[in-house]
Student: 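One structure, pasted below without further comment.
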Protein chains: 2
Amino acid sequence: MSVKRVLTERADAVSALAEVFREHGFEGASLSLLSKATGLGKGSLYNFFPGGKEEMMEAVLADIDSWFATTIFAPLEQAHDPAAAVTSMIEDVTAYFRSGRRVCLVGCIGLSSSGAAFAIRTRSYFVRWISALAHCLETAGVPPSPAERIAEEVVSGIQGAIVLARAVGDEAAFLRVIHRQHSTLLAAIARTPPQSA
Amino acid sequence: MSVKRVLTERADAVSALAEVFREHGFEGASLSLLSKATGLGKGSLYNFFPGGKEEMMEAVLADIDSWFATTIFAPLEQAHDPAAAVTSMIEDVTAYFRSGRRVCLVGCIGLSSSGAAFAIRTRSYFVRWISALAHCLETAGVPPSPAERIAEEVVSGIQGAIVLARAVGDEAAFLRVIHRQHSTLLAAIARTPPQSA
DNA sequence: ACCATCTTGTACCGATCGGTACAAGATGGC
DNA sequence: GCCATCTTGTACCGATCGGTACAAGATGGT
């Protein structure tokens, strides 16, 4: 049956859609842009996403969510080696955001009023990221209170690094700020005595 | 002559325009929204801003630029008491961004592709902010290299705090992150010996 | 080969987009 | 009061918006 094909092609389109939403925002992403980027006509687009732009964005956000869940959040939540886990998070995030050239869609839509429709999703994205990172720090022996605070600061700092890097057009700025966040995390981990034998 | 009136009313409109651009972005800010927000018809709008939306945005950015220049940048650049200067910056910024409820327009337009037309302005906004803050730290005796790094981190951190606070819909998150930035600045200042008598 | 299903391009919808034209209405110097 | 200037609302422009309708074209089970 063609169920498989539907899902496959839909999934293929999602990443192209994501890039358009990233670059132009929800309101700025016109159907003609979305159509051009995916190589699909309006007919196909509305066949895959009967709900129109909103459903496309929803699919994109779900895709992002699942990528982060498996690549970023889960490793943090189940970290055996916290230092390695945060280092790997930093590397993955740097690659994902292309050193700040690529915008964080979740952060972006939270900024504009059109993002109100996706508030639950954007909220849970950040809440889960912060709590996963905090949990990782706690695994390393950092007390809950500073762990939560540091995690919040780092996730916030990553978003800031993207804004700054885009605004000044300088990837190096992103890398410098992210490096500081990395150091903050490692310092917090190192400052606590290893809790194992 | 009516030159005075023109400038006065134009200036009045700018703040209303700014709020629309903030909330909807450049592409999402339609002329009807801008007209409604300012209380001016299309005729008046194009009388004041013959260049259309682009000129409106340019005027808004110029307005923001001058506000930051006098309220934020200048005090940092001429600080006699660095600790007081950074504290006052934090307070002004917190009030300006309404504890994260209000978005940073300069940061926002840097994120979307429509902001390319204003790249020079967004770039200089951040560059000057960072260098003013770095200069203030140097005045306090912080060596240039860490001063620049800390300044960059703090300005970036403020942007991140806005993104985070908007996304999770929690002003407290903004205040917590900003408080950390404040502490970072004060710690850097306190760590260096006072260079006066 | 046949047919039901899925997929796609095209034409089209009303609404709204950013922007222009312009005439009527305020304003202020004289 | 008069007239030049400035200001403003309204009507209108072509283009594009998001979205729908639908017929022609794959596709695949049987």
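So you know, we letter chains A, B, ... as the sequences are listed, proteins then strands, and number each from 1.
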Student: Whole-Å distance between C:dG18 P and B:L17 CG?
Tutor: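 Interatomic distance, CG of B:L17 to P of C:dG18: 13 Å.
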Student: Which whole-number value in Å describes the distance from B:F49 CZ to D:dT8 P?
Tutor: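 Value for this atom pair: 12 Å.
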Student: Using whole Å, what does the distance between atom P of nucleotide C:dG18 and atom CZ of B:F21 come to?
Tutor: 9 Å
Student: Roughly, in whole Å, what's the span from CG in A:L40 to P in C:dG9?
Tutor: 7 Å
Student: Report yes if a side-chain nitrogen or oxygen of B:S44 is closer than 4.0 Å to either non-bridging phosphate oxygen (OP1 or OP2) of D:dT7; otherwise report no.
Tutor: no
Student: Is any side-chain nitrogen or oxygen of B:S30 closer than 4.0 Å to OP1 or OP2 of C:dT16?
Tutor: no
Student: For the backbone of A:R101 and the side chain of A:R166, can you confirm whether one donor and one acceptor N or O come within less than 3.5 Å of each other?
Tutor: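 A pair under 3.5 Å: yes.
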Student: What's the NE2-P distance between B:H24 and D:dC17, to the nearest Å?
Tutor: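 For the pair B:H24 NE2 and D:dC17 P, the rounded distance is 19 Å.
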Student: Could you please name the option among D:dG19, C:dT8, C:dG18 that lies closest to any side-chain atom of A:F48?
Tutor: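 Of the options given, the side chain of A:F48 lies nearest C:dT8.
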Student: Examine D:dC17: is either OP1 or OP2 under 4.0 Å from a nitrogen or oxygen in the side chain of A:S32? Give yes or no.
Tutor: yes
Student: Between B:K53 and B:L34 (side chain of the first, backbone of the second, donor and acceptor by atom type, cut-off under 3.5 Å), is there such a pair?
Tutor: no
Student: How close or far is atom C1' of C:dT20 from atom CG of B:L31, stated in whole angstroms?
Tutor: 12 Å
Student: Pair B:H182, B:T87 - check side-chain hydrogen bond (donor to acceptor under 3.5 Å, both in side chains), show working.
Tutor: CA-CA 7 Å; B:H182 190 189; B:T87 296; 2.9 Å; yes
Student: Is it true that a side-chain atom of B:S88 and a backbone atom of B:A84 form a donor plus acceptor pair closer than 3.5 Å?
Tutor: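 No: the side chain of B:S88 does not pair with the backbone of B:A84.
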Student: Between B:G43 and A:F26, name the one whose nearest nucleotide on DNA chain D is closer to the 5' end.
Tutor: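 The 5'-side residue here is B:G43.
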Student: Applying the Watson-Crick and G-U wobble criteria at under 3.5 Å, what pairs with D:dA23? Answer none if nothing qualifies.
Tutor: C:dT8
Student: Heavy-atom nearest nucleotide on DNA chain D for A:E54 versus B:G39: which residue maps closer to 5'?
Tutor: B:G39
